[in-house]
Every structure is written in C-alpha cells, then in structure tokens.
Amino acid sequence: MAVRMSAHIQSVVSELAFEPSPFRVRAYAGSHQFVDTCEAMLVWEPRRVVPVYAVPEADLDAHLLPPSTPDDVPGHLPPMLGPEHFRWHTTPGTPYTLGVAGVSYERAAFHPADPDLARHVLVCFSPFTWREEEDVAIGHPKDPFKRIDVRTSTRHVVVSFDGVELAESRSPRILAETGLPLRWYLPPHDVHLELLTRSESITTCAYKGQAAHFSYEPASRLGRDLAWTYRRPLPEAEAVRGRISFYNERVDLVVDGTPLERPHTFWSLDSMAT
C-alpha cells in the first residue's frame, strides 16, 4: 500500500530525531562568540515542530552548570510544541544552566541521554544570536526538509468570522509550506481593514521573516491575532510582501464557492501553549 508522504513525515514527530547541519554554525551572547562549529546537529525532540541546534561540547565556550530553578514542565503538554518552551523537554536527559561570559542563562542547555548525541549539547535559540556561515538565523534553525512555494491565483476567496465577512478576493497568492495548510495571502484592498485592529503581536518565521498581526474583536481570544502580514519578508517570501493572510484554523474560508474544513494544527487554539 502506498504511503502518503505528509502522513509519513508527521508520524516521526513522536521520536527523537537529528540531522547533521551542513553549515558552519556560530552563536553569540551579545558580542561574545561562544559557539563556533562545523559539526552542529539539528535536533527535534518529540512533539517539536522545529529543530534546535546541538553543538559539540568541545566547541562550546561556556560553562554547563546545575540549574538553580526547579523543573517547570507542566503535567499536560500540548500535542505540538514550538521553539518558545525550550526548557520543556520531552526526551530523557540532563538540563543545564549555561554560563557565558559571566552571565547565567537558566536551563538554556540540555544534554539528551541518547548515544547518537552523546557528544552534543542542545542550546536554546532565543537568548542568543545565531549565524549559519555569514547569514543570521532568525526564529529557529531552518528545517532542511521544509520549503515554501508561492503561486499566483485567480480563485475566488471569501474569509469570514462568526458570520461577518472579513475579506473577498479573486487575486490571492497561495503560499504552500511543508506540513502546513495552504495560506491565502490577499491584497490589502480586498480585506475589510476597517473591521480589523492592528495588534502589538509580532511573530518570527525562519523562512518568511517577522509578521505583524491584526485582530477582530481583540478582547475575544477567538478573534485575537486572527490575521498577519509580512511588511519586510525574507527573500523566499517576497511574493507575499504586504499581503494579508488569515489563520485557516480560526476563520471560515470559502474558495470558489466551496467551504474548506478548518485544519487542526499547532495554531489551533486548543493546541497552542500558553
């Protein structure tokens, strides 16, 4: 029986996985470089949707110290975890506080109890600046098994929320990203911007850049941060610059007269870590 590739890829989310990075990887705490290696690994702990860097302990110019705070992993974790909760580990191992240039970063390192990663230490991404070769990495390390593609379309798209139409367009651009539902990016003039409120929320995507958000009824959790736009996208996402997309998971989307089912992803409200 044939195997659907998306289902096959999703099936390994429950496993600890790694892949050698082909690039020179460096990390900085402020101006202090504390990682410089050509032997970094990309590591996915179970439930992680994106990888983190694991670096050889020999290439780590830092001290691995016992944590000074207790383990704070909640008893019930969401089915999928993003990069923001590094200290919530889902595989056996030893957490460490990372001492870099006289500064302690609590539980910012983790040594998994796995023979294939015995020489490596996982390092939290967010407190530091990372480079692959000379390029700055943002958000998290890029997954070599993911890509984005953008297509110009003339399909008729209608977006509504709780019975209120928020957008209608016949000139969407469709962004396909591995493992995610299609995202429909609409011209601003096809969006009822008078119904939306600019949000203070900013999210970072390693492939597309930083996104500014919009809310519909911002006091409601369901309507908060319902849409987003990339004002200065990374080169891979230049085709959607300034366009607006909505979370399929939380709006009603009709394409060419056919209502689409709401997908269930990390961005579904019941999946999001708080």
Side-chain angles (χ1 to χ4, degrees), residues 6 9-19 21 27 40-54 71-91 93 95 98 105-110 112 122-130 132 136-148 175-183 199-213 215 221-222 224-230 233-234 236-237 245-250 262-274:
S6 57
I9 292 170
Q10 189 67 22
S11 70
V12 302
V13 171
S14 61
E15 301 177 23
L16 178 66
F18 73 94
E19 182 71 19
S21 171
M41 297 281 192
L42 299 169
V43 175
W44 295 257
E45 289 189 59
R47 300 195 190 193
R48 292 289 181 185
V49 295
V50 298
V52 298
Y53 289 118
D71 184 350
D72 63 352
V73 180
H76 178 70
L77 289 173
M80 305 294 284
L81 293 173
E84 65 274 17
H85 294 295
F86 174 83
R87 50 195 290 167
W88 294 359
H89 296 290
T90 57
T91 194
L98 201 62
Y105 297 88
E106 185 68 16
R107 292 181 176 265
F110 181 73
L122 278 62
V123 180
C124 186
F125 188 91
S126 59
F128 310 116
T129 300
W130 295 84
E132 290 186 343
V136 175
I138 66 169
H140 58 81
K142 287 185 177 180
D143 186 331
F145 305 105
K146 289 189 176 181
R147 59 180 288 174
I148 62 173
L175 188 146
E177 183 172 344
T178 307
L180 294 178
L182 294 179
R183 301 302 191 189
S199 166
E200 295 182 358
S201 298
I202 300 291
T203 57
T204 301
C205 172
Y207 312 94
K208 299 185 291 291
Q210 290 192 321
H213 285 70
S215 296
R221 184 168 182 247
L222 291 173
R224 192 180 309 141
D225 295 338
L226 204 62
W228 70 90
T229 186
Y230 289 97
L234 295 176
E236 298 96 316
S245 188
F246 292 81
Y247 282 107
N248 315 32
E249 297 87 340
R250 290 187 269 149
R262 291 188 181 185
H264 191 272
T265 74
F266 177 75
W267 288 272
S268 301
L269 287 180
D270 63 347
S271 296
M272 295 175 68
T274 58

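FYI, the numbering just counts along the sequence from 1.
- Atom CG of Leu98 is separated from atom CD of Glu106 by 10.5 Å, given to the nearest 0.5 angstrom.
- Of all heavy-atom pairs spanning Leu226 and Arg250, the tightest one is CD1-CB, 3.8 Å.
- At a threshold of 4.5 Å between non-hydrogen side-chain atoms, the residues Tyr247 and His213 count as touching.
- Trp130 places a side-chain heavy atom less than 4.5 Å from the side chain of Phe125.
- Looking at Val52 and His140, their side chains never come closer than 4.5 Å, going by heavy atoms from C-beta outward.
- Between Glu249 and Pro181 the shortest heavy-atom distance is OE2-CG, 4.0 Å.
- Within the 4.5 Å cutoff, no side-chain heavy atoms of Pro112 are placed close to those of Val43.
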Go through the steps for Val123 and Phe86 under the test side chain to side chain contact (heavy atoms under 4.5 Å, CB included), then give the verdict.
-> CA-CA 9 Å; Val123 180; Phe86 174 83; 5.7 Å; no

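- The structure places OH of Tyr53 at 12.5 Å from CG of Leu122, a figure rounded to the nearest 0.5 Å.
- The side-chain heavy atoms of Pro144 and Leu42, taken from C-beta on, include a pair separated by under 4.5 Å.
- Minimum heavy-atom separation, Asn248 to Leu182: ND2-O, 2.8 Å.
- Using cut-offs of 30° and 60° on the angle between ring planes, the pair Phe110 and His89 is parallel.
- Trp44 has its side chain within reach of Phe145: a pair of non-hydrogen atoms, C-beta onward, lies under 4.5 Å apart.
- Pro95 and Gly93 make their closest contact through CD-O, 3.9 Å (heavy atoms, listed as atom of the first residue, atom of the second, distance).
- A distance of 6.0 Å separates OG1 of Thr91 from CD of Glu45, quoted to the nearest 0.5 Å.
- The nearest pair of heavy atoms linking Lys146 to Val49 is NZ-O, 3.3 Å.
- The pair Glu177-Lys208 meets the salt-bridge criterion, since a charged nitrogen lies less than 4.0 angstrom from a carboxylate oxygen.
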Begin from the C-alpha positions of Arg107 and Trp88 and carry the test side chain to side chain contact (heavy atoms under 4.5 Å, CB included) through to its verdict.
-> CA-CA 10 Å; Arg107 292 181 176 265; Trp88 294 359; over 6 Å; no

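- Between the side chain of Arg48 and the main chain of Gly82, a donor-acceptor pair closer than 3.5 Å is present.
- For the atom pair Glu200 CD and Ser215 OG, the distance stands at 10.0 Å (nearest 0.5 Å).
- The two residues Leu234 and Cys205 come nearest to each other via the heavy atoms CD1-O, 4.1 Å.
- Summarising the geometry, atom NZ belonging to Lys142 is positioned 8.0 Å from atom CD1 belonging to Ile138; distances are rounded to the nearest 0.5 Å.
- No side-chain donor-acceptor contact under 3.5 Å links Ser14 to the backbone of Pro46.
- Panel note: side chain Tyr207, backbone Asp143; a donor-acceptor pair is recorded below 3.5 Å.
- Between atom CH2 of residue Trp228 and atom OG1 of residue Thr203 there is a gap of 8.5 Å, rounded to the nearest 0.5 Å.
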